[in-house]
Amino acid sequence: MRILVCFKAAPDVEMLIDEDWAVDKKLKIDTSFVKNTLNTYDESALEIALNLRDASEALGTNVELSTLTVDGGGATAILKTLYALRFTKAVRIEPQEDLRFRPAATAAIICQYVLHHSPQDAVLLGRQSDIGENAKTSLLVAEMLGWPCISQATHIELADENHLMVTHQVDDGHIRQRIRTPCVFSVGDAPCTSLRVPTLRDRMQYGKKAVDVLSVEDFQLPVETETLTGLEILRHARAGVIIEGKNPAEKARVLYEEHLKPMLSQK
Amino acid sequence: MKFKCIINGCLSHTRAQAEELNGFISRFLDPEASDGTTIIFYSQKDERKALPGLVPTQRAELVRIDRYHPESILDALARIEYSDDADLYLFPSGFAGSEIAVRWAFRQKGSSLVQVKHIDCTRDRVIAKKTAYVDHVLATFRLDRRPFCLSPARGCVDRLPIRARDNLVVTEHDFTGLNKGIRAHDFHWIPVEHAKHFENPRFLIVGGRGLQNKENVQFLKNMADAVGAEFGISRAVALNAWGPMHRLIGVSGTIAKPEICIAAGVSGAAAFYAGIEKSKFIIAINTDPLARIIKSSDVVVIDDYKTVMAELLKFFTFDGANEA
Ligand SMILES: Cc1cc2nc3c(=O)[nH]c(=O)nc-3n(C[C@H](O)[C@H](O)[C@H](O)COP(=O)(O)OP(=O)(O)OC[C@H]3O[C@@H](n4cnc5c(N)ncnc54)[C@H](O)[C@@H]3O)c2cc1C
Ligand SMILES: Nc1ncnc2c1ncn2[C@@H]1O[C@H](COP(=O)(O)O)[C@@H](O)[C@H]1O
């Protein structure tokens with residue numbers, strides 16, 4: 001079974017302090033000094049794929065993992081880590097435009113990669129990215145490929161050569177079902193799926209392979225139907241009054257007597 | 001403008017979806033200039049009777065399908081919506097709503113936006129706002145292509161009860177058996193436990209990664225039970241499986257509106273904070289004086305949450321015993 005995991009590396013915006021948040025004329029926010037990380041959905045998708053490969057070894061089926069990102073170069077360290085984790089192929093497609101808020105363009109590139117460059121049985125993506133927060137790319141990949149789509153996937157197991165057993169979240173519960181490939185999975189809040197760390201030996205042995213870089217010129221981008229026209233920083237300041245006290249017991253007493261008790265006794 | 005509300009009545013929360021869309025319509029659409037129809041999908045025959053009471057518009061189409069499956073809803077919609085005359089489709093904020101909004105827009109060659117907080121619309125274009133940069137930024141988009149398919153952000157409008165209509169026009173469709181081709185087998189439904197007053201509790205206690213393990217999460221949950229508070233968790237706690245996902249507070253979970261909220265051991269990431277922002281009063285307990293939550297709380301205790309909470313519980317217990 002050939003499985004492609006798509007991910008997007010993005011600066012960890014929780015590292016920015018209030019003063020860093022400023023929008024320039026091109027509707028960009030300077031985050032160049034912050035380290036790029038994986039968003040948790042993509043991290044889960046990658047770990048789920050690795051678990052599928054682990055399980056395939058026990059079942060005697062063959063699972064081949066590749067990974068793809070449309071990225072200007074900020075994801076290189078992550079791609080190397082994925083090689084060290086024994087992904088067979090790591091591909092970076094170099095964009096020429098700002099794709100933060102262009103999920104249809106990103107989805108079109110991923111779809112054409114699967115159709116014209118590297119056929120797949122399953123494509124895993126995250127539910128939502130950190131910067132664009134579009135929550136659309138994975139659904140559009142499924143629509144463009146014309147494949148079934150399982151959204152909010154939280155657990156995927158190998159059933160046989162061409163079926164996967166998937167658990168996914170819906171509005172008031174979970175559904176567990178067996179799905180025939182090909183299929184697109186949009187990974188949601190999946191517990192216990194932090195990405196494993198490669199051993200130093202695997203880093204030395206496998207992590208140095210060159211990443212395949214493709215030019216976006218080989219792909220056709222659709223006209224976007226939604227255009228970003230403004231960005232405005234949200235601030236959430238409150239009083240932040242610090243409760244003083246010489247020990248936790250005294251702080252708890254002040255908190256209870258001056259705040260909690262009066263508020264809770266109001267009818 | 002012609003608009004359609006799409007409601008998924010195959011799962012529970014049908015009323016919540018209808019009241020949310022009713023709130024959205026009354027806030028953002030001009031009643032003089034809009035003409036609305038509600039399409040409700042349902043699967044159980046005995047649910048049919050209650051559906052006319054869940055219609056926020058003048059007309060309703062009630063569509064029976066086998067069971068909730070995005071594909072079944074999309075295919076049935078394609079059969080009903082052949083005339084191509086709708087300008088705007090509104091979907092609820094849940095998982096189903098935001099998924100179908102995007103996929104339906106693609107199939108209709110329209111435009112879509114999910115987790116929308118504000119719209120301003122005419123027949124030819126919609127200006128809509130939603131968050132970006134993990135809830136740190138409000139982004140404005142112009143949507144150019146009809147039909148516009150939108151799903152609101154959780155909690156962005158208050159629910160508005162549906163008023164009964166005597167002259168509701170109802171059309172019925174039966175699309176059971178339509179999606180035999182869906183490649184799913186061994187289907188199991190796993191329901192979740194529902195906390196009843198989770199969105200509007202008087203008093204909410206939320207625990208974050210600072211709780212460090214499952215036992216401590218249970219300790220805080222027990223304390224919440226003892227003092228009559230609801231208990232929620234951050235995503236870090238849910239992803240570590242220290243607590244159940246349905247207790248998640250934040251953009252991906254519940255947007256709570258308590259009077260008092262205690263956030264213990266949470267850093268206050270914007271995606272989490274959106275879930276407690278509507279609290280009247282926020283108390284943070286954190287060992288780190290530089291944590292983001294500090295500046296966005298009303299009062300703060302800089303200390304170990306466990307010691308502070310254990311001390312706090314003594315006061316509740318003492319007062320409780322005296323009252324009794
Ligand atoms: C698209 C998207 C959606 C998201 N949706 C959500 C969501 O709905 N809900 C959500 O919660 N998150 C959400 N997140 C994740 C969010 O960005 C944060 O990663 C998450 O909220 C962090 O959880 P935390 O505060 O518990 O953990 P951390 O950020 O690790 O914070 C732990 C805090 O505990 C404090 N601490 C440690 N020990 C103690 C102690 N003994 N006593 C007191 N304090 C202590 C530390 O100082 C620290 O401030 C989302 C992210 C994305 C990208
Ligand atoms: N530039 C990209 N390259 C590869 N995958 C992407 C890219 N952008 C988004 N994705 C995938 O699509 C998911 C949803 O992104 P979005 O629709 O932007 O919220 C992400 O979690 C990734 O898995």
Side-chain angles (χ1 to χ4, degrees), chain A residues 13-14 21 29 40 101 130-133 135-136 139-140 142-143 148-149 151-152 165 167 169-180 189-193 225-234 236-243 248-249 251-253 255-257 259-261 263-264, chain B residues 11-13 94-96 98-99 102-103 106 111 113-115 131-134 136-145 183-192 203 235 238-239 241 245 252 259-260 269 273 277 281-283 294-304 307-308 311-312 315:
Chain A
V13 296
E14 293 307 325
W21 286 102
I29 293 167
T40 49
F101 298 100
D130 279 10
I131 299 297
E133 264 188 57
K136 284 167 75 167
L139 305 168
L140 292 173
E143 286 295 320
C149 177
S151 51
Q152 321 299 336
M165 195 73 201
T167 308
Q169 211 183 341
V170 292
D171 286 310
D172 55 358
H174 285 82
I175 291 173
R176 188 175 145 81
Q177 56 184 323
R178 192 157 59 91
I179 291 287
R180 194 184 163 80
D189 286 306
C192 305
T193 49
T225 50
E226 305 85 27
T227 313
L228 179 77
T229 59
L231 285 182
E232 174 192 331
I233 308 296
L234 295 168
H236 315 278
R238 293 198 183 208
V241 176
I242 294 178
I243 293 183
K251 293 176 194 172
R253 184 185 59 75
L255 177 59
Y256 183 74
E257 287 180 351
H259 300 284
L260 284 171
K261 194 176 174 182
M263 281 189 285
L264 286 168
Chain B
L11 306 172
S12 59
H13 301 326
F95 293 137
S98 57
E99 171 169 354
V102 174
R103 298 179 66 186
F106 180 85
S111 23
L113 209 63
V114 302
Q115 302 171 1
T131 56
Y133 286 82
V134 206
H136 284 276
V137 169
L138 194 63
T140 307
F141 292 87
R142 192 188 64 239
L143 279 61
D144 292 309
R145 212 169 315 146
R183 288 174 285 182
H185 317 267
D186 302 342
F187 192 91
H188 301 283
W189 166 239
I190 312 159
V192 291
F203 184 13
R235 189 160 77 171
L239 286 187
M245 196 59 79
S252 324
E259 280 172 35
I260 309 165
Y273 189 75
E277 192 179 4
F281 198 79
I282 300 177
I283 299 160
I294 307 293
K295 279 191 189 166
S296 13
S297 300
D298 295 285
V299 303
V300 181
V301 178
I302 309 284
D303 219 313
D304 169 50
T307 331
V308 175
E311 289 296 333
L312 205 53
F315 291 102

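So that the names make sense, note that chain A is the first sequence line, chain B the second, and so on, each numbered from 1.
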Subject >> Short side-chain to backbone donor-acceptor contact, A:D189 and B:S252, under 3.5 Å >> reply: no
**OP:** For A:D171 and B:F95, indicate whether the former's side chain and the latter's backbone hold a donor-acceptor pair under 3.5 Å.
**Re:**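 Indeed, once roles are kept as given, a pair shorter than 3.5 Å links the two residues.
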Determine the minimum heavy-atom distance between [X] and [Y], stating which atoms define it.
{"X": "B:F141", "Y": "A:T229", "result": "N-OG1, 4.2 Å"}
{"X": "A:C149", "Y": "B:R103", "result": "CB-NH1, 3.8 Å"}
{"X": "B:A132", "Y": "A:G132", "result": "CB-O, 4.2 Å"}
{"X": "A:L139", "Y": "B:S98", "result": "CD1-O, 4.3 Å"}

Heavy-atom proximity to chain A below 4.5 Å, by part of [X]:
{"X": "B:E277", "result": "both"}
{"X": "B:I283", "result": "side chain"}
{"X": "B:V114", "result": "side chain"}
{"X": "B:F281", "result": "both"}
{"X": "B:S296", "result": "both"}
{"X": "B:F106", "result": "side chain"}
{"X": "B:I260", "result": "side chain"}
{"X": "B:A238", "result": "backbone"}

Subject >> Pairing residues for B:F315 by the side chain to side chain contact (heavy atoms under 4.5 Å, CB included) criterion, not counting sequence neighbours >> reply: A:A252, A:R253, A:Y256
**OP:** Name all residues meeting the side chain to side chain contact (heavy atoms under 4.5 Å, CB included) criterion together with B:D303; count only those two or more places apart in sequence or in a different chain, and write none if there are none.
**Re:**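 Listed in chain order: A:P248, A:K251, B:V301, B:V308.
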Would you mind checking which part of [X] comes under 4.5 Å of any heavy atom in chain B, side chain (CB onward), backbone (N, CA, C, O), both or neither?
{"X": "A:A190", "result": "backbone"}
{"X": "A:E14", "result": "both"}
{"X": "A:H236", "result": "both"}

**OP:** Would you mind telling me which of A:I131, A:T193, A:I243 has the largest number of heavy-atom pairs within less than 4.5 Å of chain B?
**Re:**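 The residue among A:I131, A:T193, A:I243 with the greatest pair count is A:I131.
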**OP:** Find the one option among A:V13, A:T225, A:I242 whose heavy-atom pairs under 4.5 Å with chain B are most numerous.
**Re:** A:T225
How about [X] and [Y]: do any of their side-chain heavy atoms sit closer than 4.5 Å?
{"X": "A:E232", "Y": "B:V137", "value": "no"}
{"X": "B:Q115", "Y": "A:E133", "value": "yes"}
{"X": "B:F187", "Y": "A:I175", "value": "yes"}
{"X": "B:D144", "Y": "A:T227", "value": "yes"}
{"X": "B:L312", "Y": "A:L255", "value": "yes"}
{"X": "A:D172", "Y": "B:W189", "value": "yes"}
{"X": "A:R238", "Y": "B:I282", "value": "yes"}

Subject >> Between B:I302, B:D304, B:L138, the one whose heavy-atom pairs under 4.5 Å with chain A are most numerous >> reply: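 Highest number of heavy-atom pairs under 4.5 Å: B:L138.
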Subject >> chain A contacts, top residue of B:V102, B:L11, B:D298 (heavy-atom pairs, under 4.5 Å) >> reply: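 Option with the greatest count: B:D298.
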Original post:
At what distance, to the nearest 0.5 angstrom, does CD1 of A:I233 lie from OH of B:Y133?
Top reply: 8.5 Å
**OP:** Would you give the length of the straight line joining atom OG1 of A:T40 to atom CZ of B:R235, rounded to the nearest 0.5 angstrom?
**Re:** 3.0 Å
Subject >> Verdict with supporting geometry, B:I190 and A:R176, side chain to side chain contact (heavy atoms under 4.5 Å, CB included) >> reply: CA-CA 7 Å; B:I190 312 159; A:R176 188 175 145 81; 4.0 Å; yes
**OP:** Could you verify whether a donor N or O on one side chain and an acceptor N or O on the other, from B:S111 and A:E226, lie under 3.5 Å apart?
**Re:** no
**OP:** Check step by step if side chain to side chain contact (heavy atoms under 4.5 Å, CB included) holds for A:Q169 and B:M245.
**Re:** CA-CA 10 Å; A:Q169 211 183 341; B:M245 196 59 79; 3.9 Å; yes
